[in-house]
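Just follow the structure's listing: the first ligand is 1, and inside any ligand the first atom is 1.
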Amino acid sequence: MKMWELTDAINRQKAKNPVYLKGLIYTCPECRRVVVYEKGYCPHCGQKLDWKGGAKHEV
Ligand SMILES: [Zn+2]
């Protein structure tokens, strides 16, 4: 395993706030793909998601 891969894996252990898009649609802060509301992890990249802190609103 290369160092950047290791760092990447560690970063994904840390929960991040999902990014609000519109309606009930949220996107992953890591891969920017759509995630299901209140799902614990991004199904695409495995990023842990923190819904408690609320979603970031980005334009
Ligand atoms: Zn993702």
Student: Between Pro29 and Pro18, what is the shortest heavy-atom contact and its length?
Tutor: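 Result for this residue pair: CD-CA, 4.1 Å.
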Student: How many angstroms lie between atom SG of Cys45 and atom CZ of Arg33, to the nearest 0.5 angstrom?
Tutor: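 CZ of Arg33 is found 7.0 Å from SG of Cys45.
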Student: Distance from Lys16 atom NZ to Glu30 atom CD, nearest 0.5 Å?
Tutor: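 Result: 3.5 Å between the selected atoms.
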Student: Leaving waters out, which protein N, O or S atoms fall under 2.8 Å from the Zn ion (ligand 1)?
Tutor: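 Sorted hits: Cys28 SG, Cys31 SG, Cys42 SG, Cys45 SG.
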Student: What residues, two or more places apart in sequence or in another chain, satisfy salt bridge (charged side-chain N to carboxylate O under 4.0 Å, His left out) together with Lys52?
Tutor: Asp50
Student: Rounded to the nearest 0.5 Å, what separates atom NZ in Lys39 from atom OH in Tyr26?
Tutor: 16.0 Å
Student: Please name all residues satisfying side chain to side chain contact (heavy atoms under 4.5 Å, CB included) with Val34, sequence neighbours left out, ordered by chain then number.
Tutor: Ile25, Thr27
